[in-house]
Amino acid sequence: MSLLLPFQGKVAQNYCVTIEFAFQENEIKLLTAEIERLKNFGCLGVSPSLEGLRDENTKLKYRLNFLKKSLQEERSKSTKSMININSCLQEIFGAAIQAAYPDLENPPLVVTPSQQPKFGDYQCNSAMGISQILLKTREQKVIPREIADKIVKNIPANECIEKVEIAGPGFINVHLRKDFVSKQLSSLLINGVQPPPIAKRKKVVVDFSSPNIAKEMHVGHLRSTIIGESMCRLFEFAGYDVLRLNHLGDWGTQFGMLIAHLQDKFPDYLTVSPPIGDLQAFYKESKRRFDTEEEFKKRAYQCVVLLQSRNPDFIKAWNLICDVSRREFQKIYNCLDVTIIERGESFYHEMMKDIVKEFEDKGFVQVDDGRKIVFVPGFPVPLTIMKSDGGYTYDTSDLAALKHRLFEEKGDILIYVVDSGQSVHFQTIFAAGQMIGWYDPKVTRVAHAAFGVVLGEDKKKFKTRSGDTVRLIDLLEEGLKRAMDKLKDKERDKVLTPEELKAAQTSVAFGCIKYADLSHNRLNDYVFSFDKMLDDRGNTAAYLLYAFTRIRAIARLANIDEQMLRKAAREEVLVLDHEKEWKLGKCILRFPEILQKILEDLLLHTLCDYLYELATTFTEFYDSCYCVEKDRQTGQIVKVNMWRLLLCEATATVMAKGFDILGIKPVQRM
C-alpha cells in the first residue's frame, strides 16, 4: 500500500470519472425529493409527529445546502488544477476491472504511456496479470485477450477516452479525446500550473545539507544540499507542509580543543570578538596541538566538560565559533538559493538522557565493557547510545532527532538526504524507532534518500590537484568564471546589458551545477565535469535554459504580449490536428504524473528527463508547425497561428515550474 498518493484516488475521480460528483448530485436529488414529500405530508392534516417531521425537514435542507456548497467548492478546485491523466485512467480501468471481476482481490492495475503512437496514447496491461492470478488461485485458464475484452466492455462513461483497442496477447491501447486534451491545455494556460489537490495536508520533515561547524562546506555537501532543496520545493508545490532542517555537527569533543585554542590565541574573547578569518586553518591548528601537546589535550577535555555543563563563558566561546561557520555556510546557501532552518546536534543534547532511559525501561539496553548498547533485530552491529565515559554518540542524537520529529514536529513523512555510506546506520536507527513503538511504517513514512559520491573526470573521488577535498565556495566561483567565458564565446556580452549578462552568468553557472547533479540517478556516483554541464547540446541545463529563452521569445517577436495571450487562452480552441501538435500537447499534460512518480520514489532525475523530452518534443513541433508566418521578401508578419503560440506558452509555463522545483532560475534574455 502506498503511503503517498497525493494525485490519485478520490482526486482523480473528481477530475475524470466524476464518481464523487455523481454520488453527491444523486444524494442532492434524493434529499430534494424527500423534502418535497415531507411538504406534501404536511397538507394531510395535524399529526402528533408533525413537529418531528418539521425538524427532520430542516436538517435535510441544511444537509442539502452543505452538499451543494461542497460540490461547488470541489468543482471550483478541479477546474483550476492540472489533471493526472494516468491516475484518471487508473481509476477508469480500476472500476472496469472491479465490474468485470468483482470477486478478485487486489487485481493488478497497470497503466502506462504508450511508447509508440501506433499503440495509442496509453496502455492498460492488466489482462496478462489477471490471467496468471486466475490460473494460480482458481485454476481457471483464461486467455488474456478474453480478459481484456471483458474489461473493455465494463469501462464506465468518462470524458477522456476516445476509443480503446485490444492488441497482441491482451494489451488495451487507449486513445485520448482531442477535445479533452485541448480543454486541459486551455485550463493550464488560464489557471497556471496548479497541482491536483491532496486529500490531507501532511507534514514533511526533510533533513539535508548538514555540514560540520568549524569545517568548510566541501563538494561532499553539494549533493545533499541540492537534492534536499529540490525535494522540499516539490513537496511544497504539491501542497504539503514542509520543514527544512539542517542537522549541523555543532556538538562534541572537537569543541573542547577549539575552545582551548581560542582561549590561548584570543584571551580577551569574552569582551572583544575574535577576528577568526579562516576557521579551517584555526581548526587545523587546534587539531595539531591536540595530537602533539599532552597538556593542551587534557585542557581540551576539561573544556568539553565545562561546555556540556553549560558554563556561560564556554557557551559564549562555542557560539562565537558557530557564528563564524554560520556566516560561511550562508554564503553557499545564498548562491544556491537554499532555505533551511538550523537544528544541530546541540538542539537534541538535553533529550538524550531521556532516550537512554526509555530504551532501558523497555529492556532493550545491554552493557558491554561499560557502554550501553542496543541490538536491533536484523542488524548485526548494535547502536551505542552511551559511551563508557557517560558521553553520548551519533546514535543517541539521531534517535533523539527521530523521536522529536515524530512526536514534537508531528511529521507524517520524514526524509533524510544523506550519502549512501550511512545507509546501514539509518536503517538501524529507523528499525530501532519501530522496535520501541515510536511509529508504524504503514502510517508514517520514514525514508533515507541516499546518494552516491561526486567523482572527478578520472572516475576517482573529486579532489584538488594537491589531493585536498574541493571547497564548495571555490567550486561555485569556478562555475561563475566558466559560465562567463561560455557566454563571451557566444558573444552574448555584445548584445546583453551588463545587468543581463550578470543575470545570465548566475543562471547558467548555478543552474548547470544543480542540473548536472539532479539529472543523474541520485543512487549512483556521478562524474563532475564543467565542460559537460556547460555544453548547450544534450540533456544539460545550458541547453534547456537556451531553449526556454527561445520559446519565451516567440510570442514577443510576433508582437504578442501577455494580455493578448491571456485573452486568446480564454477564447481560442487549441487545435491539435497536426501529429506534432498532438504529441506536444500530451507531453505537456504528463507533468503531474511525472511529479507523482517522484513524490513516491524521490528520484528527481525523472523530472530532468521529462524537461529534456519536453524541450526536444517542442523542437519537433516548432520545426514542423509554423507559429508565425512571415513574408519571405519583406520579413513582415503575415499570419499568427494563435493556437500554436498558446502551445508555446503552455510549454514554457510547465518548463518554468519544472525549473523552479529544481531550483534553477531562467532569465528573460540569454
Side-chain angles (χ1 to χ4, degrees), residues 7-8 12 16 82-94 96-97 108-132 144-145 147-149 151-152 155 158 160-178 180-182 184-185 519-521 538-539 543-544 547 576-601 603-625 647 650-651 654-655 658:
F7 299 166
Q8 294 182 346
C16 36
M82 287 189 77
I83 291 176
N84 183 335
I85 294 176
N86 195 304
S87 292
C88 290
L89 294 173
Q90 286 187 39
E91 288 289 332
I92 291 167
F93 280 98
I97 292 168
L109 182 58
V110 185
V111 179
T112 59
S114 294
Q115 298 303 308
Q116 297 181 46
K118 66 181 180 180
F119 298 134
D121 305 311
Y122 285 83
Q123 280 186 331
C124 174
N125 302 330
S126 299
M128 283 68 76
I130 292 172
S131 176
Q132 290 176 355
R145 276 191 76 95
I147 295 169
D149 184 60
I151 292 170
V152 166
I155 290 175
N158 62 84
C160 54
I161 297 177
E162 175 70 31
K163 65 175 180 177
V164 294
E165 299 166 336
I166 299 172
F171 301 115
I172 303 173
N173 296 337
V174 181
H175 298 261
L176 298 175
R177 289 176 54 169
K178 286 191 177 177
F180 167 75
V181 172
S182 177
Q184 301 313 315
L185 290 168
S519 61
H520 289 85
N521 186 322
N539 189 7
Y543 168 76
L544 290 174
L576 303 170
D577 290 341
H578 194 286
E579 63 172 326
K580 300 301 181 184
E581 294 171 337
W582 179 237
K583 184 179 179 181
L584 178 60
K586 290 185 297 175
C587 188
I588 292 167
L589 295 182
R590 278 181 46 228
F591 189 54
E593 61 192 72
I594 296 297
L595 299 188
Q596 169 62 37
K597 183 178 184 301
I598 303 167
L599 287 166
E600 291 173 0
D601 62 24
L603 296 172
L604 287 153
H605 70 277
T606 307
L607 177 55
C608 299
D609 291 344
Y610 167 76
L611 291 175
Y612 180 61
E613 180 189 348
L614 182 58
T616 53
T617 302
F618 177 84
T619 300
E620 290 177 22
F621 154 78
Y622 192 70
D623 289 344
S624 303
C625 305
L647 276 173
T651 303
V654 167
M655 286 185 75

Is there side-chain contact between [X] and [Y], with at least one heavy-atom pair below 4.5 Å?
X	Y	answer
Pro113	Asn86	yes
Asn84	Leu595	no
Ile92	Cys160	yes
Met128	Phe171	yes
Leu584	Leu576	no
Asp121	Val174	no
Phe180	Ile85	yes
Asp609	Glu613	no

[atom1] of [X] to [atom2] of [Y]: how many Å apart, nearest 0.5 Å?
X	Y	atom1	atom2	answer
Ile588	Thr651	CD1	OG1	3.5 Å
Leu607	Phe591	CG	CZ	6.0 Å
Cys88	Ile83	SG	CD1	5.0 Å
Leu185	Lys178	CG	NZ	12.5 Å
Ile130	Asn125	CD1	CG	11.0 Å
Ile172	Arg145	CD1	CZ	10.5 Å

So which atom in [X] and which in [Y] form the shortest heavy-atom distance, rounded to 0.1 Å?
X	Y	result
Leu109	Gln90	CD2-O, 3.4 Å
Pro144	Pro169	CB-O, 3.1 Å
Lys583	Thr617	CG-CG2, 3.9 Å
Ser114	Phe119	OG-O, 3.1 Å
Ala615	Tyr543	CB-CE2, 3.9 Å
Ala96	Ile151	CB-O, 3.5 Å

Self-check item: Heavy-atom neighbours of Tyr610 OH exceed 12 at 6.0 Å
Solution: yes
Quiz item: Do the side chain of Ser131 and the main chain of Ala127 share a donor and acceptor less than 3.5 angstrom apart?
Solution: no
Quiz item: Out of Arg590, Gln596, Lys597, which residue meets the side-chain contact (heavy atoms from CB on, under 4.5 Å) rule with Ile594?
Solution: Arg590
